[in-house]
Amino acid sequence: MSAIEDVEEYVYLGRLLNTKNDLEPEIHRRRRSAWAALNNIKNTTDALTCPKIRAQLFDSIVLPALTYGSETWTFTKALSERVRITHAALERKLVGITLTEQREKNLHREDIRKISQVKDPLVFITKRKLSWAGHVMRRNDNRWTTLLQEWIPRNEKRPVGRPPMRWADSLKKEISVRQGTQLIEPWSTIAKDRKKWIAVIRAHTN
């Protein structure tokens, strides 16, 4: 029998996990993976004359490398900004415009997007997260992923200070139906209705 090593972090199914539940190291890994993916196809994208085909190639190879595992990310504004900035740099590289040239020509993000025609990374992540959330809540096989979302701890006091953001916090804030301060319908209940949840996904990603 071999001893199990006690580690602070490890890679599971391609994602870096750590005992502090810190997403920052994983974001760094995703950024490196995305740049490696773009460098691997750069000769091909440079040879393409059709912007639409070039964008499809980018969205099918580079974007998934940047956002792998994002369905389960606890996404703060700071981390989302890091992803956006990295994607913007990748986008400039794709179309052959440097940051200096962008500033000299007074081009905005929207101008680069019209040239590149690639997908918005934050909308892409939102769609994946909402799709995964609906899938989790509609399960009826007693998996821990579903049970954990419906579990309410008892006889536990809230820790001092502002608690860290959890995976479902953004869903509770943006999707749950409220009337004033009263909760009318939580996101987890809405997600169990496939038609309602598809409408939610369209409303948040279109």
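No experiment lies behind these values; they were computed from the predicted model shown.
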Out of curiosity, [X] [atom1] to [Y] [atom2], how far, rounded to the nearest 0.5 Å?
| X | Y | atom1 | atom2 | answer |
| --- | --- | --- | --- | --- |
| Thr205 | Lys129 | OG1 | NZ | 14.5 Å |
| Arg30 | His87 | CZ | NE2 | 14.5 Å |
| Leu107 | Ile112 | CG | CD1 | 5.0 Å |
| Leu38 | Glu91 | CG | CD | 11.0 Å |
| Lys196 | Ile175 | NZ | CD1 | 13.5 Å |
| Leu94 | Arg54 | CG | CZ | 5.0 Å |

State whether [X] and [Y] are salt-bridged, where the test is any N-O pair (Lys NZ or Arg NE/NH1/NH2 against Asp/Glu carboxylate O) under 4.0 Å.
| X | Y | value |
| --- | --- | --- |
| Lys42 | Asp46 | yes |
| Arg92 | Glu101 | no |
| Glu81 | Lys77 | no |

Connected via hydrophobic side-chain network under 4.5 Å: [X] and [Y]:
| X | Y | result |
| --- | --- | --- |
| Trp35 | Ile27 | yes |
| Leu171 | Phe75 | no |
| Leu48 | Val62 | yes |
| Leu90 | Leu57 | yes |
| Tyr68 | Leu23 | no |

Quick one: side chain to side chain donor-acceptor pair (under 3.5 Å) partners of Arg15, sequence neighbours excluded? Thr72
Pair Phe124-Thr67, side chain to side chain contact (heavy atoms under 4.5 Å, CB included): steps then yes or no: CA-CA 8 Å; Phe124 183 76; Thr67 61; 3.2 Å; yes
Distance-minimising heavy-atom pair for [X] and [Y]:
| X | Y | value |
| --- | --- | --- |
| Arg29 | Gly14 | NH1-O, 3.3 Å |
| Arg128 | Gly69 | NH2-N, 4.1 Å |
| Ala65 | Ala37 | CB-CB, 4.1 Å |
| Ser80 | Leu122 | O-CD2, 3.7 Å |

Please determine whether the number of non-hydrogen atoms from other residues, nucleotides or ligands lying under 6.0 Å from atom [atom1] of [X] exceeds 12.
| X | atom1 | answer |
| --- | --- | --- |
| Arg202 | CZ | no |
| Asp6 | CG | no |
| Arg166 | CZ | no |

Say whether, by atom type as modelled, one donor and one acceptor occur between the side chain of [X] and the main chain of [Y] under 3.5 angstrom.
| X | Y | value |
| --- | --- | --- |
| Asp59 | Gln56 | no |
| Trp167 | Glu71 | yes |
| Arg138 | Ala191 | yes |

Start with the C-alpha gap between Glu9 and Leu17, add the side-chain angles, then the distance that decides, and say whether side chain to side chain contact (heavy atoms under 4.5 Å, CB included) holds. CA-CA 5 Å; Glu9 62 181 26; Leu17 303 173; over 6 Å; no
Supply the members, apart from Ile4, of the Ile/Leu/Val/Met/Phe/Trp/Tyr cluster built from side-chain contacts under 4.5 Å; use none for a lone residue. none
The remaining residues in the hydrophobic cluster of Ile198, counting side-chain heavy-atom contacts under 4.5 Å among Ile, Leu, Val, Met, Phe, Trp and Tyr, are none
Asp169 vs Lys173, test: side chain to side chain contact (heavy atoms under 4.5 Å, CB included). Steps then yes/no. CA-CA 6 Å; Asp169 285 343; Lys173 181 179 179 181; over 6 Å; no
Checking side chain to side chain contact (heavy atoms under 4.5 Å, CB included) for the pair Asn18/Glu8: CA distance, chi angles, key distance, verdict? CA-CA 6 Å; Asn18 55 62; Glu8 293 293 323; 5.9 Å; no
Geometric class of the Tyr10/Tyr12 ring pair [parallel <30°, tilted 30-60°, perpendicular >60°]: perpendicular
Report the relative orientation of the aromatic rings in Trp197 and Trp187; use parallel for angles under 30°, tilted for 30 to 60°, perpendicular for over 60°. tilted
